[in-house]
Amino acid sequence: MADGSFEIRGKKSFVTNGRQADSYVLSTVAVDPEADPNLFSCVLVNKGDEGLRWGSEWSGLGMRGNSSLGLELEKVTIAPHRLLGEQGDQLWYIFTVVAPYFLTAMSATYLGIAQAAFNEARQHLLSRNYTHSGQTLSQAPLLQHRLGTLWAKIERTRRLLYYAAQEGDAGNFDALPAILAAKAEVATCAVEVVNEAMTLSGGIAYRENGRFSVLLRDVRAAHIMSPTTDLLYTWLGRALLDQPILSD
């Protein structure tokens, strides 16, 4: 626009914290035919901006505290100072500013779910016993072995997450690959741990609306919560091979 402002139009299917947050970071691309279609920019949209039309409430499987709404933007005017960085800076901004915090926070959340499932399974093995012998499930060698493998799975994944966070805090060159790997590995770990913990806990774990029911619903989102696990591994491979992360 003549005064340097930007006019934003478009739609987005899922906006996390829709209607709840004061502002939102959106990815945009210029519609000018002369503009490079591969140059994306980040802009800040405030919830009070004219031209925002929120969609209906989305009821997800689990994730009851997540307000994810569709959003339509019709001629939303953005002042020049709400462009984050320079035009075309999205790649730098997302992977340098947003990703380290966003991915680390998600990783910690899903690792917490894995830990909660482990704790539930451990307590079950400690407290349940065979009526005919009086022995607890914790005394069965096979169950001991299977619980031990879960602990090891969680702890090695936790160390990767700690390493990624430390590298990010230090601003080291290897931070991005570690952060990408951490979220992907945590998703895999968390889903596997919850599934196995349910098996270890027997039929009681399958009670409707029980503790494991909540954990299972929540953890299933780990793989598809953007960036998805498949996408993260692809980005990781590209980074390790010195290829453009967002190439086709």
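In this structure, the side chain of E72 does not engage the main chain of W54 through any donor-acceptor pair within 3.5 Å. No donor-acceptor pair closer than 3.5 Å links the side chain of T136 to the backbone N or O of R128.
Using a 3.5 Å distance cut-off with no hydrogens or angles, the side chains of Q115 and N119 do pair a donor with an acceptor. When only modelled atom types and interatomic distance are considered, T234 and R238 share no side-chain donor-acceptor pair under 3.5 Å.
Exactly one of V191, T228, L232 qualifies for a side chain to side chain contact (heavy atoms under 4.5 Å, CB included) with H223. That residue is V191. Evaluated for a side chain to side chain contact (heavy atoms under 4.5 Å, CB included) with S107, the options I179, L161, T157 yield exactly one hit, L161.
Heavy-atom contacts from other residues, nucleotides or ligands closer than 6.0 Å to NZ of K47 number more than 12. Within a 6.0 Å sphere centred on CZ of R158, other residues, nucleotides and ligands contribute more than 12 heavy atoms. Around atom OH of Y101, no more than 12 heavy atoms belonging to other residues, nucleotides or ligands sit under 6.0 Å away.
Here NZ of K11 is found 9.5 Å from CD of E74. Values are rounded to the nearest 0.5 Å. The CZ atom of R19 sits 9.5 Å away from atom CG of L71, with the distance rounded to the nearest 0.5 Å. The distance from the CG atom of N195 to the CG atom of L215 is 11.5 Å, given to the nearest 0.5 Å. For the atom pair F118 CZ and E155 CD, the distance stands at 8.5 Å (nearest 0.5 Å). Between the CD atom of Q139 and the OH atom of Y130 there is a distance of 9.5 Å, given to the nearest 0.5 Å. A distance of 13.5 Å separates CZ of R122 from CG of L137, quoted to the nearest 0.5 Å.
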Handout entry: CA sep, side-chain torsions, deciding dist, call: M106, L103, side chain to side chain contact (heavy atoms under 4.5 Å, CB included)
Key = CA-CA 5 Å; M106 274 205 295; L103 293 178; 4.0 Å; yes

Exercise for the section: In sequence, state the C-alpha distance, the side-chain angles, and the governing distance for L111 and I154, and then conclude on side chain to side chain contact (heavy atoms under 4.5 Å, CB included). Expected result: CA-CA 7 Å; L111 192 63; I154 293 172; 4.2 Å; yes

Practice task
Quick one: do L200 and L147 satisfy side chain to side chain contact (heavy atoms under 4.5 Å, CB included)? Show the steps, please.
Solution key: CA-CA 8 Å; L200 288 178; L147 189 73; 4.1 Å; yes

Practice task
Show your working on side chain to side chain contact (heavy atoms under 4.5 Å, CB included) between L143 and S138 and close with a plain yes or no.
Solution key: CA-CA 7 Å; L143 300 182; S138 63; over 6 Å; no

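A single hydrophobic cluster is not seen to contain both M198 and L126; linkage of ILVMFWY side chains at heavy-atom distances under 4.5 Å, directly or through other members, places them apart. By the criterion of side-chain heavy atoms lying less than 4.5 angstrom apart, applied directly or through intervening Ile, Leu, Val, Met, Phe, Trp or Tyr residues, Y163 is not grouped with L236; the two fall into different hydrophobic clusters. In this structure, L150 is a member of the same hydrophobic cluster as I113, with clusters built from ILVMFWY side-chain heavy atoms closer than 4.5 Å. When the side chains of ILVMFWY residues are joined at heavy-atom separations under 4.5 Å, either directly or via intervening members, V98 and L231 end up in a single hydrophobic cluster. Under the 4.5 Å side-chain heavy-atom criterion for ILVMFWY residues, a single connected hydrophobic cluster contains both V194 and L125.
Nearest approach of A182 to A164, heavy atoms of both residues: CB-CB, 4.1 Å. Of all heavy-atom pairs spanning S226 and F102, the tightest one is O-CE2, 3.4 Å. Closest approach of N17 and Y24 over heavy atoms only: O-OH, 2.9 Å. Closest non-hydrogen pair, F6 versus P80, comes out as CE1-CA, 4.1 Å. Among all heavy-atom pairs drawn from K183 and P227, the shortest one is NZ-O, 3.0 Å. For the residue pair T77 and S5, the shortest heavy atom distance occurs at CG2-CB, 4.0 Å.
At a threshold of 4.5 Å between non-hydrogen side-chain atoms, the residues I78 and V45 count as touching. Side-chain contact between R207 and F212 is absent, with no heavy-atom pair separated by less than 4.5 Å. Looking only at side-chain heavy atoms (C-beta outward), R9 and E7 come within less than 4.5 Å of each other. Looking at V43 and L84, their side chains never come closer than 4.5 Å, going by heavy atoms from C-beta outward. The closest side-chain heavy-atom distance from V214 to R217 is below 4.5 Å.
Salt bridge present: R82 and D49 bring a charged side-chain N and a carboxylate O closer than 4.0 Å. A salt bridge between E120 and R211 is present, with a side-chain N of the basic residue lying under 4.0 Å from a carboxylate O of the acidic one.
Partners of T109 by side chain to side chain contact (heavy atoms under 4.5 Å, CB included), not counting sequence neighbours: none found.
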